[in-house]
Trainee: 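Structure in structure tokens, see below.
Nothing here was measured: the structure is a model prediction, and the numbers come from that model.
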Amino acid sequence: MQQTRLDTARIRVARRVIDPMFLDTPLYRCEALEPGLGCAVSVKLETANPVRSFKARGTELVASRLADRGERAAVCASAGNLGQALAWSGRGRGLDVTVVASRFATAAKLDRIRALGARLELVDGDHELARERAAAVARSKGIRLVEDSLDIETCEGAATIGLELADAARPFDTVLIALGGGALATGVGHVLKSLSPGVEVICVQPLGAPALTLSWRARRVVTTDSADTIADGVAGRFPIPAVLDDLLLVADDALLVREESIIAGMRMLFDHAGLVAEPSAALGIAAIIENRERFAGRHVVTVVCGGNVDTDAYRRWIGAAPL
């Protein structure tokens, strides 16, 4: 594929670097979900690991390369999942990890970052302010700034999910991928378009945090003044131009979904699949809920990309969601 930063050969090599506990995650058809959604649904489960998200696939690459070069420190901005993953990967390789996050981020995610031994710095603002502060820390200390989606390791680590989907025993028609910074969508999308070009790649983003979807539709970077969604893991406002370029090559469509659909998706995953999914991980189900006719009769794979939730908020969400 021309004009992309991703490389399928490098992605195959990445599988040899990533700790096997993050690879070959379950992929199974979940028939219990299907009566309520009107299509065949398979789940790619990225929560059954020590950081409960797919992010460690990318941070394993980052941390291993830093260690190979003798570098001993890194900093990132995170809504929670990247920070946990970098802390986990860095701890195993002797790296000093600093994570900058919003003071308003999910408390459970912040607690886990601390528990994994990273230095946590909080800012009084959203994720974009955290990104600015992380860049300042990197400059002042002369250490590696890990930028999710911009750093190719985060995209190609996530892309190993695409290798596993391409090797699936059962064929499927569509994959639904949460869209935030774009690492997951561009990585998985690149592999599927290279190895399984007949599979439709659809990205899903909250209506309250639509920046990258609007950018994909306009074929240019579109920023937003705010992000208002419970799906904190995908609540960016400033798309990265290079990521948009990659996304334009692989995404067949990009959908926006309402908050009530996200909550309903979380409840369906809990009630019918026994899965605790954070809001970002329920975006695929939300897309089917809002587009039943479009997906009727198709076999759809949804990537359940994270399961880090605030317990009290989660109980409120799934208790209030309509079926």
Side-chain angles (χ1 to χ4, degrees), residues 47 51-55 59 75-88 97-138 145-150 154 178-184 205-213 223-240 256-263 265-266 276-283 286 305-321:
T47 64
V51 298
R52 291 192 284 187
S53 82
F54 76 96
K55 296 286 188 180
T59 60
V75 59
C76 74
S78 175
N81 286 348
L82 178 69
Q84 291 180 71
L86 186 61
W88 194 94
V97 173
T98 299
V99 178
V100 183
S102 168
R103 192 177 304 280
F104 310 107
T106 301
K109 295 181 180 182
L110 301 181
D111 289 344
R112 185 60 179 156
I113 291 169
R114 294 187 185 97
L116 288 167
R119 181 181 297 106
L120 181 63
E121 181 176 333
L122 301 178
V123 298
D124 292 315
D126 66 5
H127 181 64
E128 302 304 338
L129 183 62
R131 287 173 62 180
E132 294 175 9
R133 176 56 187 162
V137 170
L145 173 63
V146 179
E147 296 190 80
D148 197 18
S149 303
L150 177 60
T154 63
L179 186 61
L184 183 63
Q205 202 163 34
L207 188 62
L212 193 47
T213 294
T223 63
T224 59
D225 294 331
S226 62
D228 183 14
T229 178
I230 62 171
D232 60 321
V234 294
R237 297 189 288 117
F238 298 102
I240 299 167
L256 296 173
V257 295
R258 300 184 299 271
E259 297 293 289
E260 55 265 34
S261 300
I262 299 171
I263 295 171
M266 293 168 67
V276 174
E278 63 187 79
S280 302
L283 288 169
C305 54
N308 291 294
V309 296
D310 176 86
T311 303
D312 291 338
Y314 182 76
R315 286 171 176 157
R316 290 196 304 272
W317 291 330
I318 67 168

Trainee: If I compare all heavy atoms of Gly265 with all of Ala282, which pair ends up nearest, and what's the gap?
Mentor: C-CB, 3.9 Å

Trainee: For the atom pair NZ (Lys55) and CG (Leu82), what is the distance rounded to the nearest 0.5 Å?
Mentor: 6.0 Å

Trainee: About how many Å separate CG of Asn308 and CZ of Arg52, when rounded to the nearest 0.5 Å?
Mentor: 5.0 Å

Trainee: Restricting to side-chain contact (heavy atoms from CB on, under 4.5 Å), what partner residues turn up for Asp312, sequence neighbours left out?
Mentor: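 Asp312: side-chain contact (heavy atoms from CB on, under 4.5 Å) contacts with Asp310, Arg315, Arg316.
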
Trainee: Run the salt bridge (charged side-chain N to carboxylate O under 4.0 Å, His left out) test against Arg258 and tell me which residues pass, sequence neighbours left out.
Mentor: Glu260, Glu290

Trainee: Suppose we screen for side-chain contact (heavy atoms from CB on, under 4.5 Å). Which residues come up paired with Arg237, at least two apart in sequence or across chains?
Mentor: Asp126, Glu128, Thr224, Ala227

Trainee: Once salt bridge (charged side-chain N to carboxylate O under 4.0 Å, His left out) is applied, do any residues pair with Asp228, and if so which ones, sequence neighbours excluded?
Mentor: none

Trainee: Could you list the residues that satisfy side-chain contact (heavy atoms from CB on, under 4.5 Å) with Ala183, not counting sequence neighbours?
Mentor: Asp148, Ser149, Thr154, Cys155

Trainee: Check side-chain contact (heavy atoms from CB on, under 4.5 Å) between Ala118 and all other residues, then give those that pass, not counting sequence neighbours.
Mentor: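 Ala87, Val97, Val99, Ile113.
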
Trainee: According to salt bridge (charged side-chain N to carboxylate O under 4.0 Å, His left out), who are the partners of Glu121, at least two apart in sequence or on a separate chain?
Mentor: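 If we apply the salt bridge (charged side-chain N to carboxylate O under 4.0 Å, His left out) test to Glu121, skipping adjacent residues, the hits are Arg133.
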
Trainee: Could you pull out all residues at least two apart from Thr98 that satisfy side-chain hydrogen bond (donor to acceptor under 3.5 Å, both in side chains)?
Mentor: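 For Thr98 the side-chain hydrogen bond (donor to acceptor under 3.5 Å, both in side chains) partners, ignoring immediate neighbours, are Arg119.
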
Trainee: Using side-chain hydrogen bond (donor to acceptor under 3.5 Å, both in side chains) as the criterion, list what pairs up with Ser280, not counting sequence neighbours.
Mentor: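 Not a single residue meets the side-chain hydrogen bond (donor to acceptor under 3.5 Å, both in side chains) criterion with Ser280.
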
Trainee: Identify, with sequence neighbours excluded, every residue that meets side-chain hydrogen bond (donor to acceptor under 3.5 Å, both in side chains) alongside Thr106.
Mentor: Asp232

Trainee: Nearest 0.5 Å, please: how far is CZ in Arg114 from CD in Gln84?
Mentor: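 Going from the CD atom of Gln84 to the CZ atom of Arg114 covers 11.5 Å.
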
Trainee: Return the set of residues passing side-chain hydrogen bond (donor to acceptor under 3.5 Å, both in side chains) with Glu147 (not counting sequence neighbours), or none when no residue passes.
Mentor: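 So Glu147 forms no side-chain hydrogen bond (donor to acceptor under 3.5 Å, both in side chains) with any residue.
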
